[in-house]
Amino acid sequence: MKILHTADWHIGKKLHKHSLQPDFDLFISWLCQCIIKNDVKVLLVSGDIFDLANPSSEARQQYFKALMKLRRLDCKIILTGGNHDSPTMLNAPQEVLRELDIHIIGGLPQELSECIIPVKNGKNETELLIAAIPYLRDADLRTASQGNSYEDRLEALRKGIQQTFVDTAKICKTKFPEVDCIAMGHLFAAGAETSESERDIQIGNQAAFNALQFGDYYKYIALGHIHKPQRVNAATPTFYSGSPIPLSFSERSNKNRILLLDTENNWEPKSIEIPGFRALIKITGNLEKLQQKLGELKDREGLPSLIEIELQEEHFDANKIFELDQLVGNFEVKGYEIVKHRASFKNKISGSGELYEEKKQLEDLQPLDVFKKLVEVQEEDEETRKDLMSAFNEILEEVHQSKKA
């Protein structure tokens, strides 16, 4: 039997207000072809189905369309909730979707046995068990008697995670003693490499769970939550599949993938790389370098590549910021879009206090005096300084007039 492991779909995700809806649609179309090509019988999605607990109507529609596309392939689909997901929202259509062989475990149920999903073969025999354990919230893991200090809470979380997987294994051993079992989980395993788009699980990364505590019962553990594909140090093959598409610029170099298991061979997964549907490009440097890099871009087809720009200069210069805005505003190359730009100056004055050799109280400073001092330290000619002071006086006068009105 062949099983596919994916996670962290984050349907509805926006990258600097730019919708990634078309990226996900292309991924699902590719995934359908991959399932057909490899004759996959089970699809596992280990949490963070949506990017928000209360997703938009467009995100929900995209979700159900994806499920219906996948369902036509005669493949059992098992999804678990992640820390971004609302258990009640995911569970709402649970009974209806189960009739379509789509199983959803949005949050930890009262009866742990409800997390165990048998997978039958062509002879209607239970060939495999899936322990579909969702993201475990504080309320699922702690009791008041376990202490209230910060360290007590962290330890209770770790022990709670371990006990949940241990208890699930016991149920599987009792009910199906001769059947292999795969576990799903959505958590932060100690040593996993994160990116900027992930939110800390539990109470920060200090609650990281030691994957060796999963034990050696499960044949494979399909993890979600970390977006970078990677193996975790554990007693049994334990992997993060990673997100199918880059969700932040820090993930632009990730090799996005899904993982394919074949129970007839062994429990080591085969990595299948997902094609890149669009590029994320980060350009840094001084104004001349930015102009050069943007000028080298050539027209391209497909989804537009998204660009993040950071101007880096030694000294603060208002003209540089203006020129950066002009550069971004005038940029037009087919197949590219600048979604964020910012400027940083190594020697920028961070506060008005730095303008004076002796520290002064804020109430002792007059706006005009502070601005004059600021202009004096800029590398501008005398004519520009006069223009700046004139413009500031006009603004100051408008402020005074508005206060009188």
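We number each residue from 1, following the sequence as shown.
- For the residue pair D8/H225, the side-chain donor-acceptor check at 3.5 Å is not satisfied.
- Annotation: D299, atom CG; neighbour count of heavy atoms from other residues, nucleotides and ligands within 6.0 Å is above 12.
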Report the C-alpha separation of S305 and E337 in whole Å, then their side-chain angles, then the decisive distance to 0.1 Å, and conclude whether the side-chain hydrogen bond (donor to acceptor under 3.5 Å, both in side chains) test is met. CA-CA 6 Å; S305 296; E337 183 177 344; over 6 Å; no
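- Between F249 and H16, the ring planes are parallel. Angles under 30° get that label, and only those over 60° would be called perpendicular.
- Taking the six-membered ring wherever Trp is involved, the centroid distance between the rings of F188 and F209 does not fall below 6.0 Å.
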Name every donor-acceptor pair, under 3.5 Å, that has one atom in a side chain of residues 18-28 and the other anywhere in the protein, sequence neighbours excluded.
unit_1	atom_1	unit_2	atom_2	d
S19	OG	Q21	N	3.1
D23	OD1	R278	NE	3.4
D23	OD1	R278	NH2	2.8
D23	OD2	R278	NE	2.7
D25	OD1	Q62	NE2	2.9

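- E308 has a carboxylate O that lies under 4.0 Å from a charged side-chain N of K282, or vice versa, which qualifies the two as a salt bridge.
- Side-chain N/O atoms of H186 and D85 include no donor and acceptor closer than 3.5 Å.
- A 6.0 Å sphere centred on NZ of K320 holds more than 12 heavy atoms belonging to other residues, nucleotides or ligands.
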Is there a side chain to side chain contact (heavy atoms under 4.5 Å, CB included) between R60 and N54 once you walk through the steps? CA-CA 9 Å; R60 297 180 197 221; N54 185 24; 2.8 Å; yes
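- Electrostatic pairing of K334 and E301 counts as a salt bridge here, judged by a charged N lying under 4.0 Å from a carboxylate O.
- Taking a 6.0 Å sphere around NZ of K120, one finds it holds more than 12 heavy atoms contributed by other residues, nucleotides or ligands.
- Among pairs with a residue in residues 97-119, those fulfilling salt bridge (Lys or Arg N to Asp or Glu O under 4.0 Å) read K76-D101, E95-R98, at least two apart in sequence or across chains.
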Kindly indicate, with the supporting measurements, whether the criterion salt bridge (Lys or Arg N to Asp or Glu O under 4.0 Å) is fulfilled by E273 and R257. CA-CA 4 Å; E273 189 169 338; R257 68 180 183 182; over 6 Å; no
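- Under a 4.0 Å N-O distance rule, the pair E268/R231 qualifies as a salt bridge.
- Not a single side chain to side chain contact (heavy atoms under 4.5 Å, CB included) links S253 to another residue, sequence neighbours left out.
- For E288, the CD atom is densely surrounded, since the number of other residues' heavy atoms within 6.0 Å is greater than 12.
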